[in-house]
Amino acid sequence: MTKPDRMIEIINLNKWFGPFHVLKDINLTVRDGEKFVICGPSGSGKSTLIRCINQLELHQEGSIVVDGIEVEAKGRNQRDIRSRVGMVFQSFNLFPHLTVLENCTLTPLLGQQMPKVEAEEIAMIHLTRVGIAEQAQKYPLQLSGGQQQRVAIARALCVKPKIMLFDEPTSALDPEMIKEVLDVMVELAEAGMTMICVTHEMGFARQVADQVIFMDQGEIVETNTPEAFFTKPAYDRSADFLSHIL
Amino acid sequence: MTSDLQTFVPRPDRPPPADSAGVAAWIRKNLFSDIPNALMTLLGAYIAFTVLSAVLNWALFNAVWSADTRRECLDAVGRAGACWPGVAIWFENLIYGLYPKDQVWRINVGFLALILWMVPLWIPRVTSKIGIGLSAVMLYPFLASYFFLGGDKGVVWTGLIALGLTGFVIVWATALTETLQAKTAGAWLIDALGRANAEEKMQTRIRLLAVLAIFLLACLAVWSVSFTEVRTRFWGGLFLTLVISGIGITFSLPAGIMLALGRRSNMPVIASLSTIFIELFRSVPLITILFMFNTMLPLFMPAGTEVNQLLRAIVAVCLFASAYMAEIIRGGLQAIPNGQYEAAHSLGLTYWQTTSQVVLPQALKIMIPAIVGNFIGLFKDTTLVSIIGLFDLMNMARAIGEDTNWLGLFIEPFFVVSLIYFVFCFAMSSYSIGLEKKLATGRDTG
């Protein structure tokens with residue numbers, strides 16, 4: 001079975017949206033503490049792949065094992081999986097009717113039955129970590145995009161995940177706000193979090209990624225170290241993609 | 001160097017020019033800015049004056065204030081003035097229907113209890129507002145049922161009434177301790193007993209015992225009083241209107257939420273049952289449903305069982321209102337972006353946690369105008385129960401004109417009834433606008 005240091009093991013994963021084959025025979029192993037960056041043209045299935053890992057999408061064939069637990073294709077063990085996997089979205093998806101602090105404490109209070117004092121303490125630790133502690137009593141829509149995304153990261157961390165998934169976390173941000181979010185992600189990576197990031201921030205990929213995955217048309221075309229991927233891509237398709245974004 | 005500097009002295013403020021501020025300027029700017037505007041203003045003023053003077057002449061200046069029959073009114077002023085004595089004599093019936101005069105205090109006390117139950121909701125220092133609101137919806141009806149209906153109460157009903165009384169006592173105990181001591185009644189009791197450091201299990205047991213003691217006392221209190229029975233066919237007037245619409249309103253919101261969630265459910269049986277219910281009740285006029293329940297329901301019941309006519313009307317109104325409410329709420333649910341569901345799911349919240357903590361609070365906030373609009377519609381729709389022979393406010397007003405002393409007196413009672421409806425509907429409308437403003441503060445500013 002899975003060795004303990006394997007955080008995510010994906011074997012022969014296939015998924016269809018109706019007749020459309022989005023993911024074709026995906027195989028991927030992520031060890032504890034590794035950072036993967038997934039890039040590729042839009043519609044290549046990168047977001048769908050990471051959404052399958054925490055069951056926002058259900059797959060039809062193959063297996064996904066997260067921290068030793070099989071992700072069921074029927075989605076019955078969602079809570080076990082989701083308490084181990086944190087996710088950050090492109091559009092932040094903060095809860096606008098709750099304050100920043102309440103956004104962070106909602107799940108610990110409800111799902112994990114934590115006492116309120118403890119939940120707020122933990123939330124403040126993470127909000128301090130992403131540099132937003134002084135905004136804790138504000139509502140999300142009073143913050144800038146970069147601040148909102150940092151709150152979203154803190155909110156995901158409050159569930160104490162072992163793996164963090166990032167789905168294009170900086171794509172909806174103004175250029176000058178991208179850096180403040182990337183800084184938080186770099187700090188998180190340096191602290192040893194297992195991370196899978198769908199992003200086109202190649203500077204970030206070079207700095208923290210252990211592996212870069214290039215996807216196109218539902219397949220993993222190339223998996224390589226960032227060094228090799230950026231200087232000497234193995235496939236013409238990856239070289240073509242890189243020529244467009246670099 | 002410094003001595004060379006001149007001292008800056010700000011100039012004193014001057015008042016604004018006379019044509020840009022003050023009453024005169026406002027009038028000129030908004031009412032007489034140019035010739036068409038001035039003409040419209042004069043025309044509007046003329047229409048307002050004509051209508052108002054006609055109404056005031058009829059209702060106040062030419063009106064007859066004391067008479068024994070409508071004939072006396074007609075002899076005095078003809079049709080130029082209103083004939084108020086008829087309405088005045090019947091006024092009590094407009095409010096209470098044919099409820100026995102010596103028992104009317106029970107209705108007053110019953111509604112006073114409801115108002116008292118809700119008062120803590122407006123006290124800023126009270127924190128358990130959701131609990132108080134829920135208890136008012138769930139427990140108050142038991143208490144009210146005995147005040148309004150009275151008569152022989154069996155063991156079960158006694159228990160239920162006592163439950164209502166217990167709720168009332170606990171609501172006020174909590175309101176008092178939270179206002180004075182900033183802690184719930186339960187916490188206050190435990191502190192008073194000096195058990196603040198006891199285990200949580202022990203504290204829960206103390207709370208339960210206290211509730212049980214209040215309940216037993218309430219049972220005793222309920223047991224010792226007995227009201228004579230007032231059968232529902234004596235209920236009428238504004239009282240009946242409030243009972244039907246009150247039950248309709250409190251039932252339709254939760255039922256509508258459940259139906260809307262059911263219709264959006266992934267479970268095909270629940271989704272199709274909800275859809276069928278909603279579409280069925282929305283496609284049929286309320287009058288038809290009232291007739292159906294009134295005449296056909298007894299045919300389906302086993303022989304010998306008799307369902308109270310008022311109950312049949314209430315059930316019909318409730319089902320009809322919840323079908324409408326369900327569609328309003330479904331509209332609100334659709335306004336919540338998918339990302340909210342995904343974020344809640346990715347954090348590991350369950351379906352019910354997501355619905356109650358993330359989706360509904362946002363959806364209900366956007367839906368306040370539509371929901372209150374529906375409540376107002378429902379309140380006015382209850383006039384239709386007159387069709388099946390219930391004497392609600394509207395039907396009671398019509399009865400005045402059929403009294404031999406006041407034969408043909410219709411306009412005056414309808415005028416008064418319109419005012420009563422206006423007061424209630426305008427109050428609901430104002431409350432909803434106030435609620436929107438309150439919920440909007442500090443949010444959605446970005």
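Remember, predicted model here, so these are calculated numbers, not experimental data. Numbered from 1 within each chain, the chains take letters A, B, ... in sequence-line order.
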Undergrad: Which one wins on heavy-atom pair count under 4.5 Å against chain B: Asn54(A), Val159(A), Asn93(A)?
TA: Asn93(A)

Undergrad: Please lay out, stage by stage, how Phe95(A) and Val359(B) fare under the test side chain to side chain contact (heavy atoms under 4.5 Å, CB included).
TA: CA-CA 9 Å; Phe95(A) 304 133; Val359(B) 179; over 6 Å; no

Undergrad: Go through the atoms of Val85(A) and report whether side chain, backbone, both or neither lie under 4.5 Å from a heavy atom of chain B.
TA: backbone

Undergrad: Might you confirm whether atom CG of Asp174(A) has over 12 heavy atoms from other residues, nucleotides or ligands at distances under 6.0 Å?
TA: yes

Undergrad: Near Phe17(A) CZ, under 6.0 Å, is it more than 12 heavy atoms from other residues, nucleotides or ligands?
TA: yes

Undergrad: If we only count heavy atoms from C-beta on, is the Leu349(B) to Leu106(A) side-chain gap below 4.5 Å?
TA: yes

Undergrad: If you tally heavy-atom pairs under 4.5 Å against chain B, which of Leu94(A), Thr107(A), Thr99(A) wins?
TA: Thr107(A)

Undergrad: Could you check whether atom CH2 of Trp172(B) has more than 12 heavy atoms from other residues, nucleotides or ligands sitting under 6.0 Å from it?
TA: yes

Undergrad: Is it the case that over 12 heavy atoms from other parts of the model lie below 6.0 angstrom from the NZ atom of Lys179(A)?
TA: no

Undergrad: Atom NE2 in His97(A), atom CD in Gln357(B): separation rounded to 0.5 Å?
TA: 7.0 Å

Undergrad: Taking all non-hydrogen atoms of both residues into account, name the closest pair between Gly348(B) and Arg82(A) and its distance.
TA: CA-CB, 3.9 Å

Undergrad: Is any side-chain heavy atom of Arg51(A) less than 4.5 Å from a side-chain heavy atom of Ser346(B)?
TA: no

Undergrad: Below 4.5 Å from any heavy atom of chain B, which atoms of Leu110(A) appear? Answer side chain, backbone, both or neither.
TA: both

Undergrad: In terms of heavy-atom contacts, does CD1 of Ile130(B) have more than 12 from other residues, nucleotides or ligands at under 6.0 Å?
TA: no

Undergrad: For the CG atom of Leu347(B) and the OG atom of Ser83(A), what is their distance to the nearest 0.5 Å?
TA: 11.0 Å

Undergrad: Quick check: are there more than 12 heavy atoms from other residues, nucleotides or ligands sitting under 6.0 Å from NZ of Lys129(B)?
TA: yes

